[in-house]
Amino acid sequence: MKGNEVIAEAAIRCGCDGYFGYPITPQSEVMETLMLRKPWEETGMVVLQAESEVAAINMVYGAATCGKKVMTSSSSPGVSLKQEGITYLAGAELPCLVVDVVRGGPGLGTIQPAQSDYFQATKGGGHGDYHLIVLAPASVQEMNDFVDLGFELAFKYRNPAMILSDGVIGQMMEKVELSPFKPRWTDEEIEKISGSWALRGKKNREHHIVTSLELDPYGQEKFNRKLQAKYREIEAKEVRYEEIACEDADYLLIAYGSSARICQKTVDLAREQGIKVGIFRPITLYPFPMEALAKWAGRVKGMLSVEMSAGQMVYDVRLAVNGKVKVEHYGRLGGVIHAPEEVLEGFKSAFGL
Amino acid sequence: MAKFKGAIVVDNEKCKGCGLCVVACPTKVIELNPNVNGKGYHYAWMKNPDGCIGCASCGLVCPDSVISVYKMSVES
Amino acid sequence: MSNIQDITKPEHLVYRKTPLLTDNVMHYCPGCTHGVIHKLVGEVIEELDIQDKTIGVSPVGCSVLAYNYLDIDWAQAAHGRAPAVATGISRLHPEKYVFTYQGDGDLASIGCAEIMHACSRGENIVVIFINNAIYGMTGGQMAPTTLLGQVTATTPYGRDPKLNGFPMKITELLAQLDGTCYVTRQSADTPGAVRKAKNAIKKAFQNTRLQKGTSFIEIVGTCNSGWKMTPVDSNTWMRENMFPKYPLGDIKDI
C-alpha cells in the first residue's frame, strides 16, 4: 500500500472519530482513500472536505473540543495555513493528529519531497511558546503505526501531535501490516478520558470552556509555565530513536524519515570502502533525542546531519553534542532526493576522507 | 375591571446607567438616579413608582439584565 | 393603594434575569447590544430546556468573552473561524445544539470564507451575527458593514467607496445559498424588537432540532463607544442610518 493510503486506513482502524482535510499534492490520497472507504458507514467516523486548510484545522479544533480522536493531513504550504489553528489547539490544550507530507518550499515550491519543514514542525510553527509532539516515519509501516501512537501521545499530554512525513514516504508503496481494528471510543470512555474538559453539554457540573485566551499576563505566564512543565515531561518520557550499525562506528549519519532510508545504503557503501559509519535516526523530532545523541559525542569522530533541506535538524544535533564533536550537514534541496552515493561523497568531503 | 400595578427592582451595583430603560418605559416611571453606584454609574430607579404597570419593557431592553419586574392585579 | 413591598413579592415576579446567565458582570460598555442578545440566547436555551445539549462558539472581538456570561459549554474560536469550529463540533455531536456568536469584523471580513461555506454545506447550526458596523474591540475601525460616509478610526474622513469599497450586505448573500433554511435580520432597540429577535433566535434553535440546516440571524446593533454617542442616541442613529441600508425582517424562511 501507498504511505498516504495507509494513513487513511490506520485512522479508520484506530477508532478515529473525524478527519477534516483539503486537497494538496503529495498527500491527497489520504482524503481520497477515506472518501472511497466510507468509514461513516463502518465505524461512524466523520470525513469532511473543508473549503481550505484554515477551515480544516479549525474544524479539527472544534471537533477536538468534543474529546474525540480527530485529525487532518496536508503538505507544506497547507500546513503553513494551518499554523493559526495549530497554535490555538496547543494553547487550548486540545489533542489531535496533524499529518504533514512535506514537499519542497518556500512558497508554492515544488510538489516533490523535501525535509525543509523541520523548524516549522519542531519549534512550534505558529506564534507563542509551544511544541507539537513530532513523529517522523521512515517507512510505510511506520505511517501505520504512528497514527495510533500519535493519538495516544496527543491524549496523554493533551497536545497536538504531528506525523512529519514527506513525499517519498507518502507516495511510496510497501508491504505493511495494518493494525487490528479498535472500536471508536464510547461516550462512557470519552467521559472517563476527557470528561474534565470536553464539551459534551453542561449537566450537573460547571460549564466547560475551551479557550486559549487569558487577558491577565500573570495568568498567561502561569499557563505557559504549565505548558513548559508538560514539555519537560514529554522530553523526559517520550524520546524515541533508532541506532543502526552504531556500535563500531567512527562516524554517524544523523537522519530521519526518508533520508534515514537512503543513509542505510550509504552506510553499506562506506563500509565497503572500510569506513565505519552508523546511523542515528531520531523517531521523535520533538522531543529530540538530545541525551542519546550526546552519548555518542565522545565516541565518534564526526556526525553528518543528512536532511533534504539546507540544514535544519543539524542545529539540534549541534545543541545535543555541545561542541564535543564536529557536526556537518549534507542535503539536496527543493525537492531533489539525494542518492546514497551523493551522501557518501558529501560525507567524505565534510570530514576530509 | 382588573387593573395592574407594577414595580421594578434594579440591581443598583450592576446597573451601568445606559438609560435604555428610561426611554423604553411607556409610563415614564424610570429615571437615572442622581446618586452613583460603586462603579460611578447613575443607576436606574423608579422615580415615579405609581405609574409602573409591570409591562417589563425596561427589563427587555436592559443589556445587563439588572431589572426584575413585578406585576400584581388590583381591583379598580 | 399598594406599596412597593406588596408588589415585589416572588409570586408577582414577571420578568427576571434568566438563570442561564452567570453572575459575572459583563465587560461590555453601557448600552451595548451584546448584553441584550446574550440574554435572549440564554432565555431561549432556558425555555427550550437544552442547556445540557447546547454548545456555543465565541468569536474574536468584543464578544470573545461570551463564554463567561452564558452558563453552557463553550469553545472559543480563532478570528473568523467560528463557523468551521462549529462545523467540527456539530459533525461530531449531531444531536447537540451548536451556535456561533460573531460580530461583523469576525464574520463578514476575516471569516467570510468560513461562514460562506458553512452556510453552503447547510451545517446544522445557528449563527448569531451582531452587525454594529464597526470593529469595537480594537478601537472602532472600519468594518465591512460600515456605512458610506461613516467616520471610524480608519475612515477618519468618512468611508469613501473609492478608497474603502462599499458596505457589505452579507446576510442577503448568505440567503442565496441552498444550505441556509432561515435567514433574518432583527434589532434589539425597542421592547417590541427584542421580542421579535427572541422569537427569531428560538425559531433558529428549533430548526436545529428539526435538522433543517443553517439558521442565520443578523442583529443590527449599536456600538455607542465606537460611534461616540450615548446609548440612546446610538439607537436613534441606527434607526435613521443603519435600517435603510440593512432593512429588518425575514429574508428567507423555508
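These numbers come from a predicted model, not from an experiment.
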Most contacts with chain C, counted as non-hydrogen pairs under 4.5 angstrom, among A:L199, A:L48, A:V70: A:L199
Residue among A:V54, A:I57, A:I209 with most heavy-atom pairs under 4.5 Å to chain C: A:I209
Portion of [X] that has a non-hydrogen atom of chain A nearer than 4.5 angstrom:
X     : value
C:A82 : neither
C:I55 : side chain
C:A86 : neither
C:V60 : side chain
C:V64 : side chain

Relative to chain C, which segment of [X] carries a heavy atom at a distance below 4.5 Å: side chain, backbone, both, or neither?
X      : result
A:A198 : backbone
A:V60  : neither
A:L215 : side chain

Taking every non-hydrogen atom, the tightest pair across C:L92 and A:C66: CB-SG, 4.3 Å
Minimum-distance pair of heavy atoms, taken over all atoms of C:A84 and A:A55: CB-O, 3.6 Å
Residues in side chain to side chain donor-acceptor pair (under 3.5 Å) contact with A:K182, at least two apart in sequence or another chain: A:D148
By side chain to side chain donor-acceptor pair (under 3.5 Å) - contacts of A:R37 (at least two apart): A:E9, A:E42
Qualifying residues under ring pair (Phe, Tyr, Trp, His ring centres under 6.0 Å), relative to C:F166, sequence neighbours excluded: none
Step-by-step side-chain contact (heavy atoms from CB on, under 4.5 Å) determination, A:L213 to C:L65: CA-CA 9 Å; A:L213 175 69; C:L65 294 172; 3.6 Å; yes
Check chain A and chain C for donor-acceptor pairs under 3.5 Å and report each one on its own line.
residue, atom, partner, partner atom, Å
A:E51, OE1, C:R121, NH1, 2.8
A:Y61, OH, C:Q76, O, 2.5
A:K68, NZ, C:L92, O, 3.0
A:E84, OE1, C:R81, NE, 3.0
A:L199, O, C:H93, NE2, 2.9
A:R200, N, C:D73, OD2, 3.1
A:R200, O, C:K96, NZ, 3.3
A:G201, N, C:D73, OD2, 3.0
A:K202, NZ, C:D71, OD1, 3.3
A:K202, NZ, C:D71, OD2, 2.9
A:R205, NH1, C:D73, OD1, 2.9
A:R205, NH2, C:D73, OD2, 2.6
A:H207, ND1, C:L70, O, 3.3
A:H207, ND1, C:I72, O, 2.8
A:H208, N, C:D73, OD1, 2.8
A:H208, O, C:W74, N, 2.9
A:V210, N, C:W74, O, 2.8
A:V210, O, C:Q76, N, 2.8
A:T211, OG1, C:Y67, OH, 3.3

Heavy atoms from other residues, nucleotides or ligands near CG of A:L227 exceed 12 (cutoff 6.0 Å): yes
